[in-house]
Number of protein chains: 2
Amino acid sequence: MRNTDIPAIRTLPLFKEMADGSFAELVRGAYVQTFPQNMELILEGDPCDFLHIVVDGSVELLANWGGRETTMTILREGATFILAAAIRDAPNLMSARTLERTRVIMLPAEDVRQVFEIDHAFARAVVMELAYCYRGVIKSVKGLKLRTSIERLANYLLKWQKKTGGNATFTLTIEKRRLASVLGMTPENLSRAIKSLRPYGVSIDGQVVEISKPDDLKRLAKPTPLIDDPRS
Amino acid sequence: MRNTDIPAIRTLPLFKEMADGSFAELVRGAYVQTFPQNMELILEGDPCDFLHIVVDGSVELLANWGGRETTMTILREGATFILAAAIRDAPNLMSARTLERTRVIMLPAEDVRQVFEIDHAFARAVVMELAYCYRGVIKSVKGLKLRTSIERLANYLLKWQKKTGGNATFTLTIEKRRLASVLGMTPENLSRAIKSLRPYGVSIDGQVVEISKPDDLKRLAKPTPLIDDPRS
DNA sequence: AGGGGTGATTGACATATATCAATCCAGGGC
DNA sequence: GCCCTGGATTGATATATGTCAATCACCCCT
């Protein structure tokens with residue numbers, strides 16, 4: 001493991017509060033690797049050997065069934081994944097694939113469980129992280145079951161606008177077909193959904209989005225922190 | 001709190017391994033209450049004051065948005081709920097409502113967080129429970145995004161058959177309209193879905209289900225532990 | 001036994017979403 | 001500059017699912 005990566009992950013919420021000794025033990029067996037685009041990091045159903053952390057780049061979590069495939073979420077810098085499987089020593093429920101050249105830290109799941117036993121601050125952080133992830137998935141179920149695809153798109157745009165600073169114009173960092181999959185629709189339908197948001201002041205050219213009538217859009221989207229705010 | 005309830009919850013995975021002293025502290029401030037049918041126990045968006053445990057009966061977790069409502073899951077004896085919110089001291093993402101006369105234990109969330117700090121065995125159990133719940137919700141997202149409603153129904157029936165002992169004939173313990181909501185469809189559509197499973201050997205009369213051609217049904221349902229097995 | 005109420009079912013229809021095929025468009029390699 | 005490729009878009013159509021209204025079946029109550 002390169003020395004330059006260690007301080008970077010030390011500041012992540014999951015590791016910030018833990019004892020130096022525990023952190024050292026955790027890091028001792030860690031791997032860091034830079035993967036090319038479209039690399040399968042994890043296969044659904046395989047046993048979980050490592051807790052993964054995205055240092056740089058982005059990773060898609062996806063699931064397959066009966067010949068179909070869906071994107072569960074997209075992870076960026078600082079995100080951890082496969083924590084629940086690592087803790088429970090259970091098979092992965094999702095596959096993971098790099099979306100671009102991506103740098104990943106891999107901590108042996110065995111070590112994670114070990115350190116979890118002896119370091120209370122780490123255990124506390126793991127609980128917080130898991131509870132956070134759990135609530136995130138609950139929110140996405142609510143979105144899927146309570147909203148139409150157009151409403152999901154509208155809320156996605158508003159959320160992303162807020163995340164990028166709140167300007168009327170901003171840029172998506174996701175391919176449209178992947179966005180469609182995240183939102184639970186086909187690429188064709190996403191195109192149509194985008195068009196149908198035009199009366200609400202939305203125009204999308206390539207990756208560039210402009211929201212000219214935010215109030216109209218919000219009236220349609222009806223965003224609520226209980227679905228759309230990642231924190232809280 | 002009645003003395004008879006204490007040993008009952010002591011044997012739950014969440015409390016089984018913790019120290020006697022911690023358990024006593026947790027239980028000291030606990031309430032036990034029996035609620036009538038259709039009682040709102042928790043309202044979505046409210047702050048989370050208690051960790052709840054179902055002692056007897058059943059509870060529906062549901063969510064609302066834009067005038068719509070959906071059942072997220074149904075909890076029975078031994079299940080805990082609102083653990084993530086209690087741990088994070090965050091607002092409830094779901095409402096809870098009794099489906100019948102139900103006995104519930106309520107542990108002040110403050111106490112849970114307190115004991116969590118001092119008792120490592122409890123912290124470990126909380127992590128295991130949270131990871132378990134997280135994986136459960138992931139499975140349900142996979143079902144929603146990858147399967148049609150007929151496939152979800154077919155898998156629900158197979159899962160329930162296994163849970164009740166595996167006989168060709170078994171009984172559902174859920175109203176059809178609620179089952180429809182759990183599966184993410186309307187009651188009308190559930191009726192039609194049931195009819196469309198007839199060629200696969202499914203007949204449902206009231207709450208009584210008979211699966212006469214299990215292999216045909218499985219060929220349609222394509223169950224997988226990565227979606228349909230609550231453990232693993 | 002009769003009535004009232006609630007949930008289940010059915011049919012007709014509307015809407016949402018997926019599928020398939022064709023085309024468009026932009027970026028990369030040569 | 002030009003071809004090639006993959007993603008995006010569009011149109012036509014099929015399928016899945018929701019909505020509304022009517023009816024049915026059952027249970028409970030008296």
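To find a chain, count down the sequence lines: A is the first, B the second, and so on, and within it residues start at 1. Note that the structure is predicted; figures quoted are calculated from it, not measured.
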Let me know the distance between [atom1] of [X] and [atom2] of [N], rounded to the nearest Å.
X        : N      : atom1 : atom2 : value
A:Asp205 : D:dG7  : CG    : P     : 19 Å
B:Glu151 : D:dT17 : CD    : C1'   : 14 Å
B:Leu190 : D:dA16 : CG    : P     : 16 Å
A:Glu175 : C:dA26 : CD    : C1'   : 13 Å
B:Ile204 : C:dG7  : CD1   : C1'   : 15 Å
B:Arg152 : D:dA16 : CZ    : P     : 13 Å
A:Leu153 : D:dA8  : CG    : P     : 14 Å
B:Arg68  : D:dG18 : CZ    : C1'   : 11 Å

Cationic N near anionic O, under 4.0 Å, A:Asp228 to A:Lys222: no
Taking the six-membered ring of A:Trp65, is NZ or CZ of B:Lys142 closer than 6.0 Å to its centre and within 45° of its axis? no
So does [X] get a side-chain nitrogen or oxygen closer than 4.0 Å to the phosphate oxygens (OP1/OP2) of [N]?
X        : N      : answer
B:Ser191 : C:dA8  : no
A:Asn189 : C:dA18 : yes
B:Ser149 : D:dT17 : yes
A:Lys176 : D:dG7  : no

Among the nucleotides C:dA8, D:dA12, D:dT19, which one has an atom lying closest to any side-chain atom of B:Arg192?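 So the side chain of B:Arg192 is nearest to D:dT19.
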Could you report the tightest heavy-atom contact between A:Pro223 and A:Leu158, atom names first, then the distance?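 Closest approach of A:Pro223 to A:Leu158, heavy atoms only: CG-CD1, 4.3 Å.
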Does a side chain donor of either A:Glu129 or A:Thr80 reach within less than 3.5 Å of an acceptor in the other side chain?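 There is such a pair (donor and acceptor under 3.5 Å, judged by atom type) between the side chains of A:Glu129 and A:Thr80.
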Starting at the 5' end of DNA chain C, which residue's closest nucleotide do you reach first, B:Lys195 or B:Arg177? B:Arg177
For the backbone of A:Met185 and the side chain of A:Asn189, can you confirm whether one donor and one acceptor N or O come within less than 3.5 Å of each other? no
Using only atom types and a distance under 3.5 Å, with no angle test, would you say the side chain of A:Glu60 pairs donor to acceptor with the backbone of A:Thr71?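 Side chain of A:Glu60 to backbone of A:Thr71, a donor-acceptor pair under 3.5 Å: no, none is there.
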Under a 4.0 Å heavy-atom cut-off, which of residues 181-188 of chain A touch DNA chain C?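 Result for residues 181-188 of chain A: A:Gly184, A:Met185, A:Thr186, A:Glu188, sorted by number.
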Is the closest side-chain heavy-atom distance between B:Arg231 and B:Tyr132 below 4.5 Å? yes
